[in-house]
Number of protein chains: 2
Amino acid sequence: MTPQGADQPLPLSVDRTSPVPLYFQLAQQLEAAVEQGRLAPGTLLGNEIDLAARLGLSRPTVRQAIQSLVDKGLMVRRRGVGTQVVHSQVRRPLELSSLYDDLEAAGQRPATKVLRTTMEPATAEIAAALGLAEGTEVNLVERLRYAHDEPMALLRNHLPPDLLALPARELESTGLYRMMRASGITLHSARQSVGARAATAGEAGALDEEPGAPLLTMERTTYDDTGRAVEFGSHVYRASRYAFEFQLLMRG
Amino acid sequence: MTPQGADQPLPLSVDRTSPVPLYFQLAQQLEAAVEQGRLAPGTLLGNEIDLAARLGLSRPTVRQAIQSLVDKGLMVRRRGVGTQVVHSQVRRPLELSSLYDDLEAAGQRPATKVLRTTMEPATAEIAAALGLAEGTEVNLVERLRYAHDEPMALLRNHLPPDLLALPARELESTGLYRMMRASGITLHSARQSVGARAATAGEAGALDEEPGAPLLTMERTTYDDTGRAVEFGSHVYRASRYAFEFQLLMRG
DNA sequence: GCCATGGCTTTGTCCGGACAATCGAACTAG
DNA sequence: CTAGTTCGATTGTCCGGACAAAGCCATGGC
């Protein structure tokens, strides 16, 4: 008996003229098959040797493709058994995501209003986060983010001087991360802290909540691939309208 | 000039008689060197071919070791340049962690008080999370978690029936996840949602806060490697004493 | 009936080599 | 002096093969 169910051995093929790596092509096709349900959860994937022979690839290439899916949490390998599609509703691992992109992906009609863009001397906390001397002038951007025309979050970002031009027009029509990427900064990692506290009078007014209402807070320092801190953000979200959702994977 | 600084080419060696895979031995040594500062941030690691030759390994093995560190976010590869130690305070990516372990690792003297362990019919929400029929009897565990003898969080966990014995004694002396692992369950992934809301009178009393005080909330459904939901947790944390901290990595 | 053994299947690890793509720096031409 | 080009260095991809380790199942002995 064939692993997947005999009748339809799953159409897979690779294009050797394409510049896309072969292992990546295969991984994409398998991932698509899983998401579309053509590879049901629990399905055995058939052994790597046969799969390689069927596609005219070598075993290392096939392994590299499968390994990338295992790393994503879509599949599980067991020695002596085989590789099977994992049985759950895995979405995607936590990414270094931007609120703007998240809202847009969820069809939430994001909009941004820039409240201020100024230069300010860095406080001790901000200087430490960005790796600058206290008192250095840093860019400050304060924005209000809406979804469906309702205020969702108050965003305060601090950026090192001379990192990036910050035209208000662009800040309103797209996200900060997208602007960074577009100007050649490759984001690498971020350190986040998520907490909660009561709204101040000012925050309550901006977010259309009562003073003292619970707010979700997030502080994030973002680093590029050279290890340089490129942004320190201090954000508050309306707890009544927003929660962080994400998927965790065990490592091993 | 040698990549790291000429004088000390970094002592590396592998033990071929060990059952530990060679790539893993190498990865461990490199990671230790990074953490101890023997490999300074920004340091070039020297090309893979030479490194392989120096250790008597093949290039694929060395690559596998380095790749695992790149996946952890400790190093960055650039074609035509080399591999360098990443320049920042990367700790570790967000894990499927238990509060108990987190507190213990931070030296916070965790303690647990079991408030109840009962069977209850599942509500629609709980049944959906665990993949059971509404009304099925599920285990309910309610605990109060302390750090330094102060209440930190109120933990409510729902577990499928017959999954695990839940002796109160063990629940108080260790974490739930540790008990699961010990009974042969291999945790694989979890879906989390983090939000905030105001404390109810009961929660305020248990946590030594005022009613209406902001609380940090976390809901988590945990799956094992067969995709079966093994736990649904609904927890509240004192926002004045606790925040979630974690590190995010870009994927690419 | 039950348990141990052995064999088969499948993934895990490792090797050695080949060529392509990309980056950075030195070099050259204007 | 500047801009474009070439070239060496380094990682990225891919191949084919070999043996080891682990899990599953059937066989056989008790």
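Just so we're on the same page: letters track the sequence lines, and every chain starts at 1.
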Tell me whether the side-chain N/O atoms of Arg77(A) come closer than 4.0 Å to OP1 or OP2 in dG12(C).
yes

Side-chain N or O of Tyr23(A) versus OP1/OP2 of dT13(D): is the shortest distance under 4.0 Å?
yes

Taking the side chain of Glu48(B) as its heavy atoms from C-beta onward, which of dC15(C), dC15(D), dG12(D) lies nearest to it?
dG12(D)

Please check if the side chain of Gln29(B) supplies one atom and the backbone of Ser13(B) the other of a donor-acceptor pair under 3.5 Å.
yes

Check the surroundings of atom CZ in Phe24(A): do more than 12 heavy atoms from other residues, nucleotides or ligands lie under 6.0 Å from it?
no

The residue among Val85(A), Val34(A), Leu39(A) that forms side-chain contact (heavy atoms from CB on, under 4.5 Å) with Leu74(A) is Val34(A)

Quick check on dT11(D): is either OP1 or OP2 less than 4.0 Å from any side-chain nitrogen or oxygen of Thr83(B)?
yes

Can you tell me the distance, in whole Å, between the CD atom of Gln84(A) and the P atom of dC24(D)?
10 Å

Per nearest nucleotide of DNA chain D, the residue lying toward the 5' end, Val81(A) or Gly56(A), is Gly56(A)

At under 4.0 Å between heavy atoms, what does Pro60(B) touch on the DNA or RNA strands: base, sugar-phosphate, or nothing?
base

I want to check one thing: is the phosphate of dT13(C), taken as OP1 and OP2, less than 4.0 Å away from some side-chain N or O of Thr61(B)?
no

Winner on side-chain proximity to Arg79(B), out of dT13(C), dT22(C), dT13(D), is dT22(C)

dG12(C) phosphate, OP1 or OP2, under 4.0 Å from Arg63(A) side-chain N/O
yes

How long is the span from the CG atom in Leu55(A) to the CG atom in Leu51(A), to the nearest 0.5 Å?
5.0 Å

How close or far is atom P of dC19(D) from atom CD1 of Ile49(A), stated in whole angstroms?
14 Å

Does Ser58(B) put a side-chain nitrogen or oxygen below 4.0 Å from OP1 or OP2 of dG17(C)?
no

With a cut-off of less than 4.0 Å, is there a side-chain N or O of Arg16(B) near OP1 or OP2 of dC15(C)?
yes

Take the protein atom CG of Leu22(A) and the nucleotide atom C1' of dG16(D), then report the distance between them rounded to whole Å.
15 Å

Using whole Å, what does the distance between atom C1' of nucleotide dC15(C) and atom CD of Gln64(B) come to?
12 Å

Suppose we call a contact any N or O donor and acceptor under 3.5 Å apart; does that hold for the side chain of Arg59(A) and the base of dG12(C)?
yes

